[in-house]
Each structure stands twice: as C-alpha cells, then as structure tokens.
Protein chains: 2
Amino acid sequence: MGAVVAEENVLAASQASGLLKALADPLRMEVIQSLSEGECCVCDLMKKTDLAQSRLSFHLKVLKDSGLITDRQSGRWVYYKLDLKAFQLLEDWIADLKKSCKNAAKPCS
Amino acid sequence: MGAVVAEENVLAASQASGLLKALADPLRMEVIQSLSEGECCVCDLMKKTDLAQSRLSFHLKVLKDSGLITDRQSGRWVYYKLDLKAFQLLEDWIADLKKSCKNAAKPCS
DNA sequence: AGAACGCATCAATTTATTTTGATATATCAA
DNA sequence: TTGATATATCAAAATAAATTGATGCGTTCT
C-alpha cells in the first residue's frame, strides 16, 4: 500500500514536472500571459510578444505538448488558448506538495 | 499605472520562473520529496536519492540558489531543508495566474 | 600531527534546449 | 491558376544545463 502511494506520487511528480518545465521559461510565460486575455491567433501573438514566427511556433509547440494550451485551426489561422484544466492540476499539485511538507521545518536529530 | 502593474507582473513572472525552473526536474523533485519529511544532511540525502555526491551537490545548489531550500552547517555536516515561504509564494503565484485567466477560454472574435 | 570524513567546487565532456534561416504546406484572394 | 498569407517543420548552429571524476577545504578522530 505504501508502495502504491509512492508510485502514484512518482507518477504525479513526473506529470507535474512536464507542466512546470514548459511553464518555467520567460518567453513562454509571456505567451501564457498574452493568452490569459483570451484565445489568440499566432499572428496576433507575434505582435504581442514580438517574437519571430519560427521561434514563437517552437514555444507554442512546447506549451501545446505539455498540455498547457490547445489549438484550433480556422481557415488560414490557428488559434491558441490556455487549457485551464492543466492550470488547475498544477495548482492542486503544488497545494498537495505544500501540505506534504508539514514536517519540512523540523530540524534533524 | 497600467505600465507599473505590467512591470510588476513581469518581475513576478521572472521570479516565479526561477522557482519553477528549479522545481521542474525529476531529480530535484526527488530531493524535494525527501526533504518534505524534514531537514536532512547531504550524506543521508545521498542514500535516499542514490545520487553521486557531486551530482547531488550540484542539484542542491540549484535548489538553494532558487530559494526553495536553505542550508545550515553543523560540524562536518550540512543540513538542508525546504523553505516553505518559497512554496507558498509559488502557490500564490499560480493561484493568481489562474485567476487572471478568467477570460482565457473566450473564443477569438 | 596525520588520517579520514563530509561536502563544495572546478574543468572537461556529454546531453538537452533554443535560435535561426530556409523550406514546405495549406488556405485564401485575384 | 498564380500569388500572397499564415503557420509548421527541418537542419544547422548557438547556448545552456547536467554529468563525471578530480581536487580542495574545513572538521573531527586517533
């Protein structure tokens, strides 16, 4: 039983690690910030973030692969938006982590 | 005023980015998990994580530089522990981010 | 004092991530 | 059909992060 819990933690940790890694970049953070205003097409994101097309596309892919954002195509345009479920997941994970740290301040024997 | 707020966000974002980056690594996550049980010296962390001394030391430095953990020396040993303030900061930041994403799901015009 | 221990740091190498410029693909407009 | 636009993808180069083994430094033990 302990083992199962441990394994679940490892799994959750590696999932969370993926989200964190995608989020832990200033450029991608800017993209997230832009998308926090609402769904947006790549060309508008280029203007907002002042990134070259290829570069932006790369970071959008990282974010999309992580699950933090989703895309939808409409005609020539591709629209990206945040996937709030992923953010909720992340928030829950951190809250759990913090909860599990109740003894963290206890000095060593 | 808008500019000031924007600048504050950028600053907070880059701060958060540092924490996230440090946290977004499976090995460091393991270390954090070990430390969540309480303060621990490097030699015990080595046993718990099964990492070579130099490698562990490197990751401890990354975590320490980010502010997620602190250290204290006592005799020959160095004890590390989580800095819960940093975790609180991170949780708050994510909560804020999520809050600011209320319009994020709104489709583009 | 000398030896062993616990840990940090450094240089060299390996590995991973990011950037850049070029090219490809699909859609739309003329 | 031809040309332009929006975006993705690819390969090469640049940059950054991690690993390894060696060495150094302070502390304790004998």
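What you see below is based on every heavy atom in this structure, not just the backbone, and it leaves out hydrogens, waters and symmetry mates. Quick caveat: nothing in here was measured; it's all calculated off a predicted structure.
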>> Whether B:His59 contacts D:dA17 is assessed here as follows: a side-chain N or O lying under 4.0 Å from the phosphate OP1 or OP2. Is that the case?
In response: no

>> Can you tell me which nucleotide in C:dA8, D:dT9, C:dG6 comes closest to the side chain of B:Tyr80?
In response: C:dA8

> Could you give the CZ-to-P distance, from A:Arg28 to C:dT19, as a whole number of Å?
Replying inline: 8 Å

> In whole angstroms, how far is the P atom of D:dA16 from the CG atom of A:Leu27?
Replying inline: 12 Å

>> Expressed as a whole number of angstroms, how long is the span from A:Phe58:CZ to D:dA12:C1'?
In response: 14 Å

>> Among D:dA18, C:dT9, D:dC10, which nucleotide has an atom closest to any side-chain atom of A:Ser54?
In response: D:dC10

>> Once rounded to the nearest 0.5 Å, what's the spacing between atom OH of B:Tyr80 and atom CG of B:Leu45?
In response: 9.0 Å

>> I need the CZ-P distance between B:Arg55 and C:dT14, as an integer number of Å.
In response: 16 Å

>> Side chain of A:Arg76 only, heavy atoms from C-beta on: which candidate in C:dT27, D:dT19, C:dG6 is closest?
In response: C:dT27

> For the pair made of CG in B:Leu60 and P in C:dA8, what is the distance, rounded to whole Å?
Replying inline: 7 Å

> In whole angstroms, how far is the C1' atom of C:dT27 from the CD atom of A:Gln73?
Replying inline: 8 Å

> Nearest to the side chain of B:Gln53, which nucleotide is it out of C:dA8, C:dC28, D:dT27?
Replying inline: C:dA8

> What nucleic acid atoms does A:Lys64 come within less than 4.0 Å of, heavy atoms only: base, sugar-phosphate, or nothing?
Replying inline: nothing

>> Let's see if you can work this out: which of C:dT17, C:dA8, C:dG6 has an atom nearest to the side-chain heavy atoms of B:Trp77?
In response: C:dG6

> Over how many whole Å does the gap from A:Met46 atom CE to D:dT5 atom P extend?
Replying inline: 13 Å

> Within this structure, what is the CG-to-P distance between B:Asp25 and C:dT17, rounded to whole angstrom?
Replying inline: 10 Å

>> At 4.0 Å (heavy atoms only), tell me whether B:Leu56 reaches a base, stays on the sugar-phosphate, or touches nothing.
In response: nothing

